[in-house]
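Each residue takes its place number in the sequence, starting with 1. In listed order, ligands and their atoms are each counted from 1.
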Amino acid sequence: MKVALVTGITGQDGSYLAELLLEKGYQVHGLKRRASSFNTQRIDHIYQDSHQTNVNFKLHYGDLTDSTNIIRIIQEVQPDEIYNLGAMSHVKVSFDSPEYVANVDGIGTLRILEAVRILGLEQKTRIYQASTSELYGGLAENKNEKGMYDENSPFYPRSPYGVAKIFGYWITKNYREAYNMFACNGILFNHESPRRGETFVTRKITMATAAIALGQQDCLYLGNLDAQRDWGHAKDYVEAMWRILQQDHPEDYVIAMGETTYVRDFVRMAFSEVGIIIEFKGHGVNEKGFVASCSNPEFQLEIGKQVIAVDPQYFRPTEVDLLIGDPSKSKTQLGWIPQYDLSGLVQEMVAMDVDRVKKEIMLNEAGFRS
Ligand code: NAP
Ligand code: G4F
């Protein structure tokens, strides 16, 4: 039985990856931070099962800022594969806590690699490093001939998060070359799901779509509506992570959909899932989104009502304007075929948030009655 250790197991990707690895018959160990409130909502369904039938799932308290616990856990677990997904992953927040991000996202990666080396597991343990399209920084002149970023495009990170992740990228590559380790970077473009953190733009939009459509919120405040992202589904992207570690040779791969969409258009797509057409008027900080029509009898809003506004507090000191990735290598070499397209992703996210808001309304009503 193969043994995997996943850092960041309580996050969006960690939860999907844990499910995938268990399905494939792995014993899965996860690194979990101690928190003052519960932080395991995304994996509770697996954890609860582990008391009864799922003996192949185990969580360990630890933190990527602490070498001692990383060495101890790796020594205890003796993993065949490590997926280093743990990170402070919010780009905007990284401007507020740059030193912490450097420590966790940058040096944290080194701590994992060095622990494997100290323990003499270089030839046993394969390592996946969660690298990111933020490395490219969105510079137009660095795209390939197809107008996309690929494995050979130069990097120009535009945030403390991107700069910390570039250290993670290079130290992974360096340990591969210096110590002949099977250590790979997955350069993943944005991927989302109903489990996406609530302050990332897609989830913020789908949550607000549901709340506004059901009369629980008036207006959604966003930052840069002109940003463009290459969005895929996290379920597809964790499959690519696993495939990267099953190859004969360690290499780095871009994982992307190869299409880019404006934040503004993601808003339009989300609202159209509940039959509401949004019309945008104005520019920059004065841009506003209004209800133009409502075709679903269940979700009726006043025509002309303003539901979208721009709040400059969500702007970043330096922005990555446009990301689009070229998945050619991962499709041909890994045989990776995503199952979701953007409309399938939006549909799933909005449906789950509508269900959740409806349940909250019912619970509130039941609370009032009792
Ligand atoms: P996420 O939902 O924010 O999850 C991050 C995980 O890292 C959580 O489990 C978090 O624990 C953990 N973590 C944070 N600080 C830690 C620390 N000091 N020590 C140990 N664990 C720590 O992120 P995600 O979307 O799943 O992304 C997974 C990885 O892929 C991240 O490294 C991210 O930077 C990278 N990435 C993501 C995308 C994307 O679009 N999603 C694209 C490219 C790369 P808590 O639950 O306790 O907070
Ligand atoms: O959803 P976002 O916060 O994701 P961002 O910055 O692209 O980072 C995500 O993807 C990276 C891969 O490229 C990961 F490495 C990283 O860990 C993370 O998962 O913002 C997307 C875009 C940005 O241009 C942002 O300025 O949406 C714009 N935006 C507009 N209004 C907003 C908002 N972003 C957020 N979070 N909140 C807003 O209100």
Side-chain angles (χ1 to χ4, degrees), residues 6-18 30-35 37-43 61-66 69-70 83-94 97 100-101 103-105 107-109 111-112 128-138 149 157-159 161-162 164-165 168 185-193 195-205 208 220-234 237-238 241 255-256 261-264 266-267 308-316 318-323 325:
V6 181
T7 74
I9 198 157
T10 56
Q12 172 189 253
D13 292 4
S15 66
Y16 284 115
L17 181 65
L31 187 81
K32 158 184 132 105
R33 297 197 288 177
R34 195 270 157 183
S37 50
F38 291 117
N39 60 356
T40 54
Q41 296 89 329
R42 294 185 180 102
I43 50 167
Y61 279 111
D63 197 293
L64 283 164
T65 58
D66 180 347
N69 68 208
I70 290 172
Y83 295 85
N84 184 32
L85 311 185
M88 201 307 284
S89 71
H90 202 286
V91 174
K92 171 79 162 59
V93 175
S94 78
S97 51
Y100 177 70
V101 168
N103 193 5
V104 177
D105 299 17
I107 308 295
T109 310
R111 291 187 183 103
I112 296 276
Y128 171 88
Q129 168 57 17
S131 284
T132 163
S133 49
E134 279 289 307
L135 300 181
Y136 298 116
Y149 299 101
R158 301 264 292 160
S159 63
Y161 169 80
K165 282 281 185 180
N185 288 287
I187 308 171
L188 271 53
F189 284 64
N190 298 51
H191 45 280
E192 321 291 314
S193 73
R195 297 184 195 170
R196 183 59 145 153
E198 297 169 1
T199 59
F200 295 96
V201 78
T202 55
R203 186 73 201 292
K204 190 172 161 182
I205 293 167
L220 166 63
Y221 293 88
L222 291 169
N224 180 11
L225 299 172
D226 290 318
Q228 290 170 268
R229 288 292 181 275
D230 181 334
W231 281 299
H233 197 300
Y237 285 47
V238 300
M241 294 176 188
I255 308 297
T261 304
Y262 285 102
V263 169
R264 183 183 298 101
F266 193 101
V267 173
I308 310 290
V310 172
D311 184 337
Q313 72 163 301
Y314 300 114
F315 292 166
R316 293 154 188 206
T318 40
E319 172 67 293
V320 173
D321 295 318
L322 187 158
L323 287 174

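- The shortest N/O to N/O separation between Asp63 and ligand 1 falls below 3.5 Å.
- Close N/O approach between Val104 and ligand 1 is not found [any backbone or side-chain N/O within under 3.5 Å].
- Neither the backbone nor the side chain of Lys32 has a heavy atom within less than 4.0 Å of ligand 1.
- Looking at Tyr161 next to ligand 2, an N or O pair under 3.5 Å apart turns up.
- Inclusion of Asn84 in the set of residues having an N or O under 3.5 Å from an N or O of ligand 1 is not warranted.
- At a 4.0 Å heavy-atom cut-off, ligand 2 touches Val91 through the side chain alone.
- At a heavy-atom distance under 4.0 Å, only backbone atoms of Thr199 (N, CA, C or O) approach ligand 2.
- Of the heavy atoms in Ser133, none comes closer than 4.0 Å to ligand 1.
- In terms of protein heavy atoms, atom 39 (O) of ligand 2 is closest to Lys204 NZ, 2.7 Å.
- Neither the backbone nor the side chain of Arg158 comes within contact range of ligand 2; no heavy atom lies under 4.0 Å.
- At the shortest separation from atom 37 (C) of ligand 1 among protein heavy atoms lies His191 CE1, 3.9 Å.
- For ligand 1, the polar-atom distance check finds an N/O of Arg33 within less than 3.5 Å of one of the ligand's N/O atoms.
- In terms of modelled atom types and a separation under 3.5 Å, the side chain of Thr318 and the main chain of Arg158 share a donor-acceptor contact.
- Heavy-atom distances between Arg196 and ligand 2 reach below 4.0 Å in at least one pair.
- Among Thr132, Asp105, Val310, the residue whose heavy atom lies nearest to atom 15 (F) of ligand 2 is Thr132.
- Taking atom 3 (O) of ligand 1 as the reference point, the nearest protein heavy-atom neighbour is Ser89 OG, 2.7 Å.
- Under a 4.0 Å heavy-atom criterion, Arg316 is in contact with ligand 2.
- Ligand 1 has a nitrogen or oxygen under 3.5 angstrom from a nitrogen or oxygen of Leu64.
- Against a heavy-atom cut-off of under 4.0 Å, His90 is close to the following atoms of ligand 2: 36 (N).
- In terms of N/O distances under 3.5 Å, ligand 1 is approached by Ala87.
- Remark: side-chain polar atoms of Asp105 are paired, donor with acceptor, to backbone N or O of Met88 under 3.5 angstrom.
- Of the heavy atoms in Phe200, both backbone and side-chain atoms come closer than 4.0 Å to ligand 2.
- The single protein non-hydrogen atom nearest to atom 46 (O) of ligand 1 is Thr10 OG1, 2.6 Å, given as residue, atom name and distance.
- Residue contacts with ligand 2, taken as heavy atom pairs separated by less than 4.0 Å, involve Val201 via backbone and side-chain atoms alike.
- We find that Arg229 and Glu319 are joined by a salt bridge, their nearest charged nitrogen and carboxylate oxygen being less than 4.0 Å apart.
- Applying the ring-ring contact (aromatic ring centres under 6.0 Å, His included) test between His90 and each of Tyr314, Phe200, Tyr161 identifies Phe200 as the sole match.
- Scanning all protein heavy atoms for the shortest distance to atom 31 (N) of ligand 2 gives Gly223 N, 2.8 Å.
- In terms of protein heavy atoms, atom 34 (O) of ligand 1 is closest to Tyr161 OH, 2.5 Å.
- At the shortest separation from atom 24 (O) of ligand 2 among protein heavy atoms lies Glu319 OE2, 2.9 Å.
- Any N or O atom pair closer than 3.5 Å counts here, and Asn190 shares no such pair with ligand 1.
- Contacts between Phe315 and ligand 2, counted as non-hydrogen atom pairs separated by less than 4.0 Å, are absent for every part of the residue.
- Counting heavy atoms only, Asn190 comes closest to atom 10 (O) of ligand 2 of the residues Leu220, Asn190, Asn224.
- Ring pair Tyr16/His233 is perpendicular by interplanar angle, where above 60° counts as perpendicular and below 30° as parallel.
- In the vicinity of Val263, heavy-atom distances shorter than 4.0 Å reach the ligand 2 atoms 27 (O).
- Ranking the protein heavy atoms by distance from atom 26 (O) of ligand 1 puts Asp13 N, 2.8 Å first.
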